[in-house]
> 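Submitted below is the structure of interest, expressed as structure tokens.
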Amino acid sequence: MLWYVAIGSAVGGVSRFVLGGLIQRLVATSFPTGTLVINITGSLLLGFIVRYAADTAAMTPEVRALLTVGFCGGYTTFSTFSYEALTMLEDGDWRRGSFYIVASLVGSLVATFAGFVLARELMAFRTRL
């Protein structure tokens, strides 16, 4: 089981590094857009995987651990979010810092819920086939 988590973490971490950096370069702003997008898409993916795995027998416990604890754990970046938010607040940028905190928390919760809904819809679609 540890190898599944380790492999998922490695792939998730590399994905975060590449995709987060790419997004940040594309938007060309000091606002941590890359981290925000990573955390929200990671929440969407985690919500989808958890709901799908809980309601079907399609995933083994090993694959579920690889994707949730491993990939999503390596992909999302709460510690970076915390650092970036506190840096903005320390610098006196209360408006952007507050927006970032609210957007990250609300966006991630909404994305997790959307992942649940997408998983339910996929399972309903599969039963109609």
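Note that the coordinates shown come from a computational prediction; the quantities given were computed from them, not determined experimentally.
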> Any luck finding a side-chain donor-acceptor pair between Thr35 and Arg16 under 3.5 Å?
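No, no side-chain donor-acceptor pair sits under 3.5 Å.
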
> Once you round to the nearest 0.5 Å, how far does CD1 of Ile49 lie from CG of Leu44?
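Nearest 0.5 Å value for the CD1-CG distance: 9.5 Å.
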
> Just how far is it from atom OG of Ser104 to atom CD1 of Ile38, taken to the nearest 0.5 Å?
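So the gap between those two atoms works out to 12.0 Å.
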
> With clusters defined by side-chain heavy atoms of hydrophobic residues (ILVMFWY) lying less than 4.5 Å apart, directly or transitively, does Val37 cluster with Leu45?
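Hydrophobic grouping puts Leu45 with Val37.
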
> With rounding to the nearest 0.5 Å, note down the distance linking OG in Ser30 to CG in Asp93.
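Here the rounded value is 7.5 Å.
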
> So, for Met1 and Glu62, which heavy atoms are closest and what is the spacing to 0.1 Å?
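The pair with the smallest heavy-atom distance is SD-CA, 3.9 Å.
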
> Around Phe116, counting heavy atoms of other residues, nucleotides and ligands shown, do more than 12 lie under 6.0 Å from its CZ?
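Counting neighbours around CZ of Phe116, more than 12 heavy atoms of other residues, nucleotides or ligands fall under 6.0 Å, so yes.
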
> Would you mind listing the cluster partners of Phe31? Hydrophobic ones only (ILVMFWY), side-chain contacts under 4.5 Å, chaining allowed.
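Under the 4.5 Å side-chain rule, Phe31 groups with Leu36, Ile40, Phe78, Phe81, Leu86, Met88, Leu89, Trp94, Phe99, Tyr100, Ile101, Leu105.
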
> Atom OG of Ser43 and atom CZ of Phe113: how far apart are they, to the nearest 0.5 Å?
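Separation between the atoms: 14.0 Å.
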
> Would a 4.5 Å heavy-atom cut-off, applied to side chains only, mark Val50 and Arg64 as touching?
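Side-chain contact under 4.5 Å: no.
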
> Would a single hydrophobic cluster contain both Val63 and Phe71, if residues Ile, Leu, Val, Met, Phe, Trp and Tyr are joined by side-chain heavy-atom contacts under 4.5 Å?
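Yes, it is one cluster - the side chains of Phe71 and Val63 are joined through contacts under 4.5 Å.
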
> Using atom types as modelled and distance alone, determine if a side-chain donor or acceptor of Arg25 lies under 3.5 Å from a backbone N or O of Gly21.
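Answer holds: yes.
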
> Under a single-linkage rule joining Ile, Leu, Val, Met, Phe, Trp and Tyr whose side-chain heavy atoms are separated by less than 4.5 Å, which residues share a cluster with Leu22?
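Joined to Leu22, directly or through intermediates: Leu26.
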
> So if I apply the side chain to side chain contact (heavy atoms under 4.5 Å, CB included) rule between Leu66 and each of Val5, Ile7, Thr60, which one comes out positive?
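Looking at Val5, Ile7, Thr60, the match for Leu66 under the side chain to side chain contact (heavy atoms under 4.5 Å, CB included) is Ile7.
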
> Is there a continuous path of hydrophobic side-chain contacts, each under 4.5 Å between heavy atoms, that joins Val106 to Leu109?
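Val106 does not cluster with Leu109.
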
> Mark yes when over 12 heavy atoms from residues, nucleotides or ligands other than Phe48 sit less than 6.0 Å from its CZ; otherwise mark no.
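Check passes, neighbour count above 12.
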
> Taking Gln24 for the side chain and Thr29 for the main chain, is one N or O donor matched with an acceptor at less than 3.5 Å?
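Looks like yes, one N/O pair under 3.5 Å.
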
> Would you confirm whether Asp55, through its side chain, and Met123, through its main-chain N or O, come within 3.5 Å as a donor-acceptor pair?
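No, because the side chain of Asp55 does not come within donor-acceptor range (under 3.5 Å) of the backbone of Met123.
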
> Verify the cluster assignment for Leu46 and Leu19: are they in a single hydrophobic cluster under the rule of side-chain heavy atoms below 4.5 Å apart?
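Hydrophobic grouping puts Leu46 apart from Leu19.
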
> Taking a hydrophobic cluster as the set of Ile, Leu, Val, Met, Phe, Trp and Tyr residues connected by side-chain heavy atoms closer than 4.5 Å, whether directly or through intermediates, do Val110 and Val117 fall within one such cluster?
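Val110 does not cluster with Val117.
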
> Do Thr41 and Tyr75 meet the criterion of a side-chain donor-acceptor pair at a distance under 3.5 Å?
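A pair is found: one side chain offers a donor N or O, the other an acceptor, under 3.5 Å apart.
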
